[in-house]
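Only a predicted model underlies this, so the values are computations on that prediction, with no experimental measurement involved.
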Amino acid sequence: MASTIRSAMTADTLDVRVIRKDFPIYQQPYEDKPFIYLDSAASSQRPEQVMQAMDEYYRRFHSNVHRGVYTLAEEATARYEAARVKVGRFLGAKDPSREVVFTKNATEAFNLVAQGLGRVLLNQDSVIVLTEMEHHANLVPWLILQEQIGFTIRYITFDSDGYLVLDELDSILDGASLLGVTMMSNVLGTVNPIAELAAAAHRHGALFLADAAQFAPHFEVDVSGLDIDLLCLTGHKMLGPTGIGALWARSEILDRMTPFLGGGDMIADVRLDGFVASEIPYKFEAGTPPIAEAVGWASAIDYLESVGMGSLRAHDLKLTEYAIANLTGSLGSAFKLYGPKVAADRGGVVSFDLAGVHPHDVAQVLDQHGVCVRAGHHCAKPLMRQIGTAATARASFYLYNDEADIDALVAALEDAYALFN
Amino acid sequence: MASTIRSAMTADTLDVRVIRKDFPIYQQPYEDKPFIYLDSAASSQRPEQVMQAMDEYYRRFHSNVHRGVYTLAEEATARYEAARVKVGRFLGAKDPSREVVFTKNATEAFNLVAQGLGRVLLNQDSVIVLTEMEHHANLVPWLILQEQIGFTIRYITFDSDGYLVLDELDSILDGASLLGVTMMSNVLGTVNPIAELAAAAHRHGALFLADAAQFAPHFEVDVSGLDIDLLCLTGHKMLGPTGIGALWARSEILDRMTPFLGGGDMIADVRLDGFVASEIPYKFEAGTPPIAEAVGWASAIDYLESVGMGSLRAHDLKLTEYAIANLTGSLGSAFKLYGPKVAADRGGVVSFDLAGVHPHDVAQVLDQHGVCVRAGHHCAKPLMRQIGTAATARASFYLYNDEADIDALVAALEDAYALFN
Amino acid sequence: MADLDDLYREIILDHYKNPRNSGSIESPPALVEEGFNPLCGDEVKLYLVIEDDRIADIRISGQGCSISRSSASLMSQAVKGKPISEAFDVLARFRRMMGIDGEESGEPEVADVRSLGELAALQGVVKFPVRIKCATLPWNTLSAAIARSLG
Amino acid sequence: MADLDDLYREIILDHYKNPRNSGSIESPPALVEEGFNPLCGDEVKLYLVIEDDRIADIRISGQGCSISRSSASLMSQAVKGKPISEAFDVLARFRRMMGIDGEESGEPEVADVRSLGELAALQGVVKFPVRIKCATLPWNTLSAAIARSLG
Ligand SMILES: Cc1ncc(COP(=O)(O)O)c(C=O)c1O
Ligand SMILES: Cc1ncc(COP(=O)(O)O)c(C=O)c1O
């Protein structure tokens with residue numbers, strides 16, 4: 001299959017017709033209408049290869065991991081641990097077998113950071129810094145911990161073009177213990193200057209936490225090169241299954257962190273009056289982990305790597321440019337784009353407003369045309385307040401989308417505009 | 001398929017040959033040796049139907065739930081919510097659509113109870129009661145919370161036959177806020193008197209928390225009839241996928257509980273300085289949930305229900321009786337059984353000691369014969385201390401096992417005994 | 001596949017573009033209640049003046065889609081000046097029309113729907129399950145406000 | 001499929017049934033260190049008397065399988081009376097034999113293994129990855145004890 005994918009590329013462009021052959025959802029659409037999927041930022045579709053990997057696991061190798069002496073359990077464990085190493089390598093981790101903690105999604109990973117690291121790092125006099133464009137996943141865990149132990153949260157704001165305002169970064173970071181920033185906004189599309197932010201955090205002695213939920217599916221990540229300390233990501237947005245995500249962190253940091261979820265598999269010893277936690281990464285993985293999901297995610301990473309993250313980015317960029325040009329061209333001033341005007345500064349996510357039509361109604365009319373877009377606050381309510389609206393419509397692109405999808409989007413939006421105006 | 005299964009039963013006995021046809025792992029064994037799987041208490045195998053349900057979901061319906069207006073997202077949401085209702089009904093819940101919280105496994109469910117309920121219910125003067133036969137999943141979350149907020153944990157012990165010692169139950173429960181008990185021990189096999197324990201808890205004004213991780217796969221559960229307040233279970237032990245479990249609790253209790261994991265989907269509103277949690281059960285489900293896993297679990301429950309929990313129990317009981325009789329018969333005093341002598345008082349789990357052979361070595365020799373059993377502390381170290389050993393070997397049965405599997409177990413154990421003695 | 005015309009009836013688009021009783025009332029005397037649709041960010045803010053167990057005045061502000069805004073507007077017309085008991089009655093009938101609280105089987109009584117007058121225009125929403133929450137948001141907010149005013 | 005005979009060599013069964021240097025030493029003078037295999041519950045308790053940078057005495061108690069017990073017994077023979085530096089050297093060679101810390105490719109140097117003497121009987125464990133943790137438990141405990149004694 002890998003060879004099929006490779007042959008789909010010529011000079012950094014993907015052949016979407018070839019790619020789609022790998023995605024069963026394009027073979028047998030659910031409804032008798034076109035299937036124009038523009039919601040990969042919420043969750044991507046899965047290639048055949050990922051389903052086969054999970055299926056093979058269940059059909060031939062399943063048993064619980066870590067605790068079995070028999071061959072099948074060893075095999076299951078080996079596959080689960082190989083998936084860990086695969087995720088670690090994909091991120092450029094130095095010690096992949098010890099630095100990746102599997103969680104159920106990116107959100108759990110953020111909660112693990114807040115509770116596991118926050119409780120040893122912070123007290124009521126501490127300061128952490130987040131941005132106003134964070135997803136709730138990198139906000140609410142901190143707000144919960146704040147209620148429990150108290151500390152100050154400062155926020156970096158962003159300007160009307162969706163760029164973080166970094167003029168006063170040094171004063172904002174003064175005295176901070178941690179800076180947490182999304183690598184790519186799921187609403188504005190903005191790709192943030194991560195290396196610069198990480199360096200600034202370190203200058204002030206703060207740890208740098210990155211939200212890669214949107215970034216990792218679309219760009220090459222290199223935690224070592226970017227000098228990131230902790231990073232959260234999720235499987236289902238990058239061709240993997242639901243039910244799995246991960247925290248990557250430098251091993252010294254994981255060592256410092258207290259366990260978060262308690263239970264089987266994360267302990268060295270348990271007595272009736274206390275317990276001793278196991279080693280990293282196991283001390284953070286309580287109970288039976290998402291084994292088949294880890295295997296599926298590893299296969300998704302294989303798929304992404306065989307396509308090539310560079311080609312993928314080039315493809316995203318091409319579609320984003322095409323979309324911005326055509327939406328503005330066809331809808332004129334009725335179309336309002338959120339986030340950077342320059343496609344190169346953003347990922348394949350386009351949030352917009354259509355004059356006189358509420359985003360829900362936009363999505364509803366688009367659905368009639370088979371065009372799937374998301375409408376709402378995109379789990380980023382503070383961001384929405386900052387841009388002065390309660391909801392936007394959002395189209396997002398991935399390797400199986402092409403220009404024809406965007407043409408369909410434009411046509412459907414023209415229809416929605418006509419219906420309401 | 002359902003009809004195949006029904007025809008597999010005559011007078012409460014399952015036709016294992018017919019059942020096995022549904023389990024691909026029996027079709028194409030991993031290794032060139034017999035496949036005698038006696039480790040379902042760690043994790044069960046999956047029938048074809050469950051894999052197909054998940055596969056169909058990914059192939060035709062996948063998209064993120066709850067937040068989408070388009071038809072595909074509605075369909076995914078409908079399937080996810082239908083799975084919730086299915087789990088609730090399976091447990092005998094009164095309000096299944098509001099009382100089931102999906103988690104990644106039973107362990108997360110216990111952590112949710114400890115943090116979500118424990119933090120509103122307990123303070124440093126409070127008392128909770130657990131038993132010495134609990135799995136780490138119902139111990140460590142409480143030990144973590146104890147470190148954080150302080151309270152007293154009392155333990156109900158058990159006797160040398162593996163029965164809870166309930167003589168002093170009333171004095172143990174005096175002043176307690178919660179009683180947490182496993183419905184069936186994963187080591188001793190003991191099935192505990194749940195209705196009696198729940199009634200005792202309620203007499204003392206304590207809430208009753210049940211661990212159904214081992215019980216639910218094998219027995220009919222009726223939370224209303226048993227008067228349980230909260231119950232945790234896990235999908236992968238009951239023919240479902242990895243990566244999913246649940247907390248069921250009465251809606252008044254869920255309403256009282258504070259959110260545990262923070263992030264998207266569990267909020268009504270988020271501001272930079274605080275958040276408002278959503279309604280139950282959503283306020284406990286942060287981030288993208290295990291959607292495909294919920295769909296797969298629902299299909300596993302369909303499978304179990306078509307077999308019939310009564311027939312399943314009868315089958316377990318028959319195998320357990322056969323196992324105890326034959327192991328004792330063949331190995332004599334070299335075989336030491338843990339837990340109740342009476343098969344009717346236990347589930348299909350047989351932990352034992354083979355004289356002169358460490359459980360690890362037992363499992364190793366058995367593996368050579370294709371017999372898969374678990375060896376170790378089974379995530380129940382306090383229990384192990386109580387029975388005076390560091391490890392046991394454990395064979396466990398499910399609907400795809402038969403007497404021939406047990407014959408193979410006996411023969412392999414004879415071999416292990418000979419090798420070491 | 002349900003048709004968009006069922007959803008976007010003319011009355012609905014009219015109430016969306018020209019919402020009745022929109023605005024705010026000073027508090028006190030007004031009671032203020034906010035409602036959120038957690039899944040999409042829609043917000044409704046209700047201002048109620050209750051006198052002698054009647055809804056003497058009602059104003060609505062907030063952000064929302066055509067369905068939630070028109071539902072709010074239609075609701076304000078339906079309950080303004082009405083005794084609270086009668087408002088509850090309309091609420092109950094509306095919920096039945098939305099397929100909530102009704103017989104398991106669904107289809108609301110024809111007489112019931114007729115008695116709702118212009119509100120019946122929202123009947124098409126039932127075919128779009130996701131949008132039901134949009135339609136019911138102002139109503140749930142109203143019932144929360146009344147519940148609070150009663151104690 | 002790896003053969004059981006590779007694992008359960010006669011020396012191993014002998015050391016399992018008749019563990020050398022088993023028991024305890026009062027502390028002080030002995031240093032006591034406990035090790036757990038978190039995955040299976042095996043426990044080893046080491047009693048070390050260190051004098052003039054040599055392991056003057058060593059005793060071992062605990063619970064464990066044939067592999068961890070025989071490995072502990074063989075270890076005690078290999079390090080008893082030896083200077084700490086030499087014990088570290090054996091430890092390093094043992095870890096290489098177990099496939100830990102070695103070249104990525106695996107296979108340890110033949111000379112290396114030979115120099116381990118009776119300990120070489122544990123070489124078969126490498127073919128049973130799960131059991132490697134059993135074999136290394138006493139060694140990891142030893143290295144923790146020494147590390148602690150050094151401050
Ligand atoms: C009695 C009992 N409780 C809880 C659990 C935890 O289940 P899980 O690992 O799926 O969280 C198990 C399984 O290991 C168990 O046997
Ligand atoms: C930027 C960002 N962070 C975090 C998340 C949370 O991911 P998950 O829902 O898989 O936990 C998302 C996805 O919704 C996201 O877009």
Test side-chain contact (heavy atoms from CB on, under 4.5 Å) on B:Arg59 and A:Arg46 and set out the steps.
CA-CA 8 Å; B:Arg59 278 172 200 277; A:Arg46 322 267 154 278; over 6 Å; no
Of B:Ile291, B:Val270, B:Asp273, the largest count of non-hydrogen pairs under 4.5 angstrom with chain A goes to B:Val270
**Asked** Just checking, any donor-acceptor pair under 3.5 angstrom between side chains of B:Thr242 and A:Tyr58?
**Response** yes
Here the gap from B:Met51 atom CE to A:Met51 atom CE, rounded to the nearest 0.5 Å, amounts to 15.0 Å
Honestly, the part of B:Val65 sitting under 4.5 Å from a heavy atom of chain A is backbone
Nearest heavy-atom approach of A:Glu108 to B:Lys104 is OE2-NZ, 2.9 Å
Checking A:Ile153 against B:Leu272 for the side-chain contact (heavy atoms from CB on, under 4.5 Å) test, could you report, in this order, the C-alpha distance in whole Å, the side-chain angles of both residues, the deciding distance, and whether it holds? CA-CA 8 Å; A:Ile153 308 180; B:Leu272 293 176; over 6 Å; no
Highest number of heavy-atom pairs under 4.5 Å with chain B among A:Trp142, A:Phe23, A:Phe275 belongs to A:Phe275
In terms of heavy-atom pairs under 4.5 Å with chain B, the winner among A:Ala73, A:Ser43, A:Gly262 is A:Gly262
Honestly, the part of A:Glu134 sitting under 4.5 Å from a heavy atom of chain B is neither
Here the pair of heavy atoms bringing A:Gln364 nearest to B:Val69 is OE1-CG1, 3.5 Å
When every non-hydrogen atom of A:Gly263 is compared with those of B:Pro141, the smallest separation belongs to N-CD, 4.4 Å
Does a side chain donor of either A:Asn105 or B:Thr288 reach within less than 3.5 Å of an acceptor in the other side chain? no
Comparing B:Arg374, B:His136, B:Met54 against chain A, the one with the most heavy-atom pairs below 4.5 Å turns out to be B:Arg374
The interface call for A:Val373 against chain B, heavy-atom contacts under 4.5 Å, is backbone
Could you tell me whether the side chain of B:Lys33 reaches within less than 4.5 Å of the side chain of A:Thr71, counting heavy atoms only? yes
Heavy-atom nearest pair, B:Cys379 first then A:Gly264, reads SG-CA, 3.7 Å
Ranked by heavy-atom pairs below 4.5 Å to chain B, first place among A:Pro241, A:Ser44, A:Cys372, A:Ala42 goes to A:Cys372
In this structure, CD of B:Gln148 is separated from OG1 of A:Thr258 (nearest 0.5 Å) by 7.5 Å
When the 4.5 angstrom heavy-atom criterion is applied to A:Met384 and chain B, the contacting part is neither
Looking only at A:Gly370, A:Ala286, A:Pro359, most heavy-atom pairs under 4.5 Å shared with chain B are made by A:Ala286
If one checks every heavy atom of B:Phe61 against chain A at 4.5 Å, the contacting part turns out to be both
Note: vs chain A, highest number of non-hydrogen pairs under 4.5 angstrom among B:Pro382, B:Ala294, B:Gly245 is B:Pro382
Scored by heavy-atom pairs under 4.5 Å with chain B, the best of A:Glu132, A:His135, A:Arg119 is A:Arg119
Counting heavy-atom pairs under 4.5 angstrom with chain B, the leader among A:Asn64, A:Ile244, A:Leu130 is A:Asn64
Scanning both residues in full, the closest heavy-atom pair of B:Val140 with A:Ile267 reads CG2-CG2, 4.1 Å
Open item on the list: Any salt bridge linking A:Asp269 with B:Arg385? Criterion: basic side-chain nitrogen under 4.0 Å from a carboxylate oxygen.
Closed with: yes
- Please report the C-alpha distance between B:Leu72 and A:Ile25 in whole Å, then the side-chain angles of each, then the deciding distance to 0.1 Å, and finally whether the side-chain contact (heavy atoms from CB on, under 4.5 Å) criterion is met. CA-CA 11 Å; B:Leu72 199 69; A:Ile25 204 154; 4.3 Å; yes
Worksheet item: How far apart are the C-alpha atoms of A:Thr107 and B:Asp265, what are their side-chain angles, what is the distance that settles it, and do they pass the side-chain contact (heavy atoms from CB on, under 4.5 Å) test?
Response: CA-CA 10 Å; A:Thr107 302; B:Asp265 242 29; over 6 Å; no
Between the NE2 atom in A:His236 and the NE2 atom in B:His62, the distance rounded to the nearest 0.5 Å is 7.5 Å
d(A:Thr103 OG1, B:Leu261 CG) to nearest 0.5 Å is 10.0 Å
Q.
Can you confirm whether A:Val371 sits close enough to B:Tyr70 that some side-chain heavy atom of one is under 4.5 Å from a side-chain heavy atom of the other?
A. no
Honestly, the part of A:Val362 sitting under 4.5 Å from a heavy atom of chain B is neither
Checklist line | B:Phe260 vs A:Phe260, ring-ring contact (aromatic ring centres under 6.0 Å, His included): CA-CA, chis, key distance, verdict | finding: CA-CA 11 Å; B:Phe260 170 43; A:Phe260 170 44; 5.5 Å; yes
